[in-house]
Amino acid sequence: SSTASAATCSRAKALVNLSVAAAFDLRRDVLDDGERDDDAERQLRPVLRYIDEHLEDPLDNARLAAFVHASESHFIRMFRRVVGCTPARHVQERRVQQAAELLSQTNLTIDEIAERCGFANRFHFSRVFAQRMVEPPGRYRASHGRRLESGIEAGNPSASESGIAR
């Protein structure tokens with residue numbers, strides 16, 4: 001229903017804001033005040049927001065660098081300096097985080113989650129997810145997911161009676 005969609009959208013926006021803030025907070029914990037590059041942080045804020053809002057899209061370094069009007073090599077150095085990892089690593093981590101949330105809070109199938117999170121297919125998704133989370137998506141859902149009464153609430157009207165789509 002539209003109420004469930006609005007709630008999901010609100011949670012997603014809150015998660016985006018939290019992840020942007022967390023990325024900078026982690027970096028600040030590591031750096032002394034004199035080492036921070038506030039200008040680079042300001043430049044990267046919209047990129048981090050863009051990444052979180054477009055995880056299902058291709059997010060290669062060239063596209064992200066163009067977003068902030070920087071060369072690809074400069075963008076990668078700046079991103080690594082401010083965030084603490086490469087853009088590709090950050091995108092993959094965010095995709096896995098979003099997938100974990102969808103696995104635990106929705107009835108979406110593994111295929112649907114893989115697509116929504118920007119993975120090429122369910123096999124690539126399962127391999128990356130298992131590497132990062134130490135268990136495959138199906139097992140993660142079984143141990144971390146809440147059972148939903150109907151798939152309609154989670155945006156999947158064809159979900160099984162059990163509330164868990166595998």
Side-chain angles (χ1 to χ4, degrees), residues 7-31 40-41 43-65 67-68 72-73 75-148 151 153-156 159-160 162-166:
T8 300
C9 186
S10 292
R11 281 194 304 266
K13 285 180 182 177
L15 183 62
V16 166
N17 290 334
L18 283 173
S19 68
V20 169
F24 288 118
D25 286 346
L26 283 173
R27 186 66 183 154
R28 281 192 184 102
D29 289 345
V30 173
L31 297 176
E41 284 185 18
Q43 266 189 292
L44 288 178
R45 251 182 240 283
V47 173
L48 291 167
R49 214 171 268 116
Y50 179 84
I51 289 169
D52 280 341
E53 292 170 356
H54 295 89
L55 288 172
E56 71 280 1
D57 298 332
L59 294 170
D60 55 79
N61 290 331
R63 177 184 294 223
L64 296 173
F67 190 80
V68 294
E72 193 173 337
S73 59
F75 171 72
I76 293 168
R77 281 191 309 273
M78 177 175 58
F79 195 97
R80 186 187 303 236
R81 184 177 69 242
V82 172
V83 179
C85 64
T86 66
R89 174 72 176 221
H90 179 75
V91 167
Q92 190 174 69
E93 291 295 328
R94 289 296 305 125
R95 285 178 170 158
V96 169
Q97 288 172 357
Q98 182 184 37
E101 182 178 321
L102 291 172
L103 285 165
S104 66
Q105 297 180 4
T106 73
N107 287 334
L108 294 172
T109 66
I110 302 288
D111 288 325
E112 290 169 322
I113 291 171
E115 184 178 327
R116 283 191 183 194
C117 294
F119 290 95
N121 55 52
R122 77 175 287 136
F123 304 106
H124 178 240
F125 164 60
S126 293
R127 183 174 51 79
V128 170
F129 189 91
Q131 285 172 344
R132 297 277 185 253
M133 303 300 284
V134 193
E135 61 186 338
R139 192 176 311 146
Y140 181 89
R141 171 175 271 164
S143 63
H144 295 86
R146 60 183 172 96
R147 295 209 174 257
L148 301 173
E153 295 172 47
N156 184 8
S160 66
S162 72
I164 300 295
R166 301 233 187 244

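None of these values were measured; they are calculated from a predicted model. Heavy-atom basis, side chains included; hydrogens, waters and symmetry copies ignored.
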Value rounded to 0.5 Å, distance of [atom1] in [X] from [atom2] in [Y]:
X: Glu112; Y: Arg122; atom1: CD; atom2: CZ; result: 10.5 Å
X: Arg116; Y: Leu108; atom1: CZ; atom2: CG; result: 4.5 Å
X: Tyr140; Y: Ile110; atom1: OH; atom2: CD1; result: 12.0 Å
X: Ser73; Y: Met78; atom1: OG; atom2: CE; result: 10.5 Å
X: Leu102; Y: Arg95; atom1: CG; atom2: CZ; result: 13.0 Å
X: Ile76; Y: Asn61; atom1: CD1; atom2: CG; result: 4.0 Å

(request) Mark yes or no for whether Arg132, through its side chain, and Gln97, through its backbone, hold a donor-acceptor pair below 3.5 Å. (result) no
(request) Can you label the angle between the Phe79 ring and the Phe75 ring as parallel, tilted or perpendicular, going by 30° and 60°? (result) tilted
(message) Once you measure the plane-to-plane angle for Phe119 and Phe125, does it fall in the parallel (<30°), tilted (30-60°) or perpendicular (>60°) bin?
(response) tilted
(request) Dump the intermediate steps for side-chain contact (heavy atoms from CB on, under 4.5 Å) on Thr86 and Gln92, then the final yes or no. (result) CA-CA 10 Å; Thr86 66; Gln92 190 174 69; over 6 Å; no
Looking only at non-hydrogen atoms, find the nearest pair between [X] and [Y] and report the distance.
X: Ala62; Y: Glu72; result: CB-OE1, 3.7 Å
X: Ala120; Y: His124; result: N-ND1, 3.8 Å
X: Phe129; Y: Pro137; result: CD2-N, 3.7 Å
X: Ile51; Y: Leu59; result: O-CD1, 3.9 Å
X: Arg89; Y: Cys85; result: CG-CB, 4.0 Å
X: Val47; Y: Leu64; result: CG1-CD2, 4.3 Å

(message) Using the rule side-chain contact (heavy atoms from CB on, under 4.5 Å), only one of Val96, Leu103, Val128 pairs with Met133; which is it?
(response) Val96
(request) Go through His144 and Glu135 one step at a time and tell me if the side-chain contact (heavy atoms from CB on, under 4.5 Å) criterion holds. (result) CA-CA 11 Å; His144 295 86; Glu135 61 186 338; 3.1 Å; yes
(message) With heavy-atom distances below 4.5 Å as the criterion, would you say the side chains of Thr106 and Arg141 are in contact?
(response) yes
(request) Look at atom CD of Glu93 and say whether more than 12 heavy atoms of other residues, nucleotides or ligands are closer to it than 6.0 Å. (result) yes
(request) Start with the C-alpha distance between His90 and Leu48, add both sets of side-chain angles, then the distance that settles side-chain contact (heavy atoms from CB on, under 4.5 Å), and finish with yes or no. (result) CA-CA 9 Å; His90 179 75; Leu48 291 167; 3.2 Å; yes
